Structures are given as structure tokens and as C-alpha cells.
Amino acid sequence: MNNGFIQFLGIVKKSGNLLEGYNKCEEAIKKNKISLVVLTKECSQNTKDKFETYSHKYGFLLMKDMSKDELGRILGNKEIKLIGITNKAMSDKLNSLHKEFS
């Protein structure tokens, strides 16, 4: 993962625009408050399918190529399987940084 993406994800977390975990993200999605979800490779197929469906229904971006250890390390936890970003501009910036180095 590139440094720009990692650094900006830290800024997003500090700004309070990052939600961690299945339940928090699902609740925010249903309130139309999510603009990006990052699913890790280790998420169950059921979770991946569910959030893919939500992505089409609610129109948010979906990233699915990080590992739970990598995402956890970036955010200062042992492991994280799913996060959501609530700020549209920050989501767009993360997506741009991700595409730039993928």
C-alpha cells in the first residue's frame, strides 16, 4: 500500500470520519451516510456479497483488496476487517490515492 493512502487514512480517522466494524458501517449505510467501504480479503463471502449489494443500492465506493492485518496496522489495531468513510471528499481522495498506486 502506498504512503499517501496510509497517511491520508490516518487523517480520516483523526477527523472522525471513519467507522470501524460491520454493525456501525451497516447502520450508517442505511442512513445514507457512507461514501466508501473498505472490505478486507478475509471478510466472509456473505459479508462481501451483502456490502456489494449495498454498494449498488446506496451508491458508495467499495474497495476489496487489503488484508485485515494491513488495515489494522494502518489504523493502530491488531486487525480490522471492515471500515466505512463518511466524508465524500475524503472518500474521493482515498480512492484517487488507491488507484494511483494500484
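Since we're looking at a predicted model, the values are computed, not measured. Residue indices begin at 1 and follow the sequence shown. All heavy atoms count here, side chains included; hydrogens, waters and symmetry mates do not.
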Return the minimal non-hydrogen interatomic distance between Gly84 and Cys25, and the atom names on each side. N-SG, 3.3 Å
If hydrophobic clusters are built by linking Ile, Leu, Val, Met, Phe, Trp and Tyr wherever their side-chain heavy atoms come under 4.5 Å apart, do Leu18 and Leu97 end up in the same one? yes
State, without any angle test, whether Gln45 and Asp49 hold a side-chain donor-acceptor pair at a distance under 3.5 Å. yes
Lys13 atom NZ: more than 12 heavy-atom contacts under 6.0 Å: yes
Give a yes or no on whether the backbone of Asp92 and the side-chain of Ser96 come within a donor-acceptor separation of less than 3.5 Å. no
Which residues satisfy the side chain to side chain contact (heavy atoms under 4.5 Å, CB included) test with Lys68, sequence neighbours excluded? Thr40, Glu42, Glu79, Lys81
Is the shortest heavy-atom distance from the side chain of Asn95 to the side chain of Leu36 under 4.5 Å? no
Please report the interatomic distance CD(Glu26) to CG(Leu82), rounded to the nearest 0.5 Å. 9.5 Å
Shared ILVMFWY cluster between Met66 and Met63, side chains joined below 4.5 angstrom? yes
Considering non-hydrogen atoms only, spot the tightest contact between Cys43 and Lys48 and give its length. O-CE, 3.2 Å
Between Tyr54 and Phe60 (judged by ring centroids, cut-off 6.0 Å), do the two rings come close enough to count as a pair? no
Indicate if Leu75 and Ile34 have the same hydrophobic cluster label, given that clusters are the connected sets of ILVMFWY residues with side-chain heavy-atom separations under 4.5 angstrom. no
Between Asp69 and Arg73, is there a side-chain N and carboxylate O pair less than 4.0 Å apart? no
Do the non-hydrogen side-chain atoms of Asn77 and Glu20 ever get within less than 4.5 Å of each other? yes
Quick one: are Thr53 and Lys50 in side-chain contact, heavy atoms under 4.5 Å? no
Under 3.5 Å: donor-acceptor pair, side chain of Asn87, backbone of Met90: yes
Compare all side-chain heavy atoms of Leu71 with those of Leu9 and state whether any distance is below 4.5 angstrom. yes
Pairing residues for Ser67 by the side chain to side chain donor-acceptor pair (under 3.5 Å) criterion, not counting sequence neighbours: none
Exactly one of Ile83, Leu19, Leu62 clears side-chain contact (heavy atoms from CB on, under 4.5 Å) with Val37, and that residue is Leu62
Interatomic distance, CD1@Ile85 vs CG@Asn17, rounded to 0.5 Å, equals 8.0 Å
Tell me whether Tyr58 is reachable from Leu94 by hopping between hydrophobic residues (I, L, V, M, F, W, Y) whose side-chain heavy atoms are closer than 4.5 Å. no
Distance col, row Ile74:CD1 vs Gln7:CD, nearest 0.5 angstrom, shows 11.0 Å
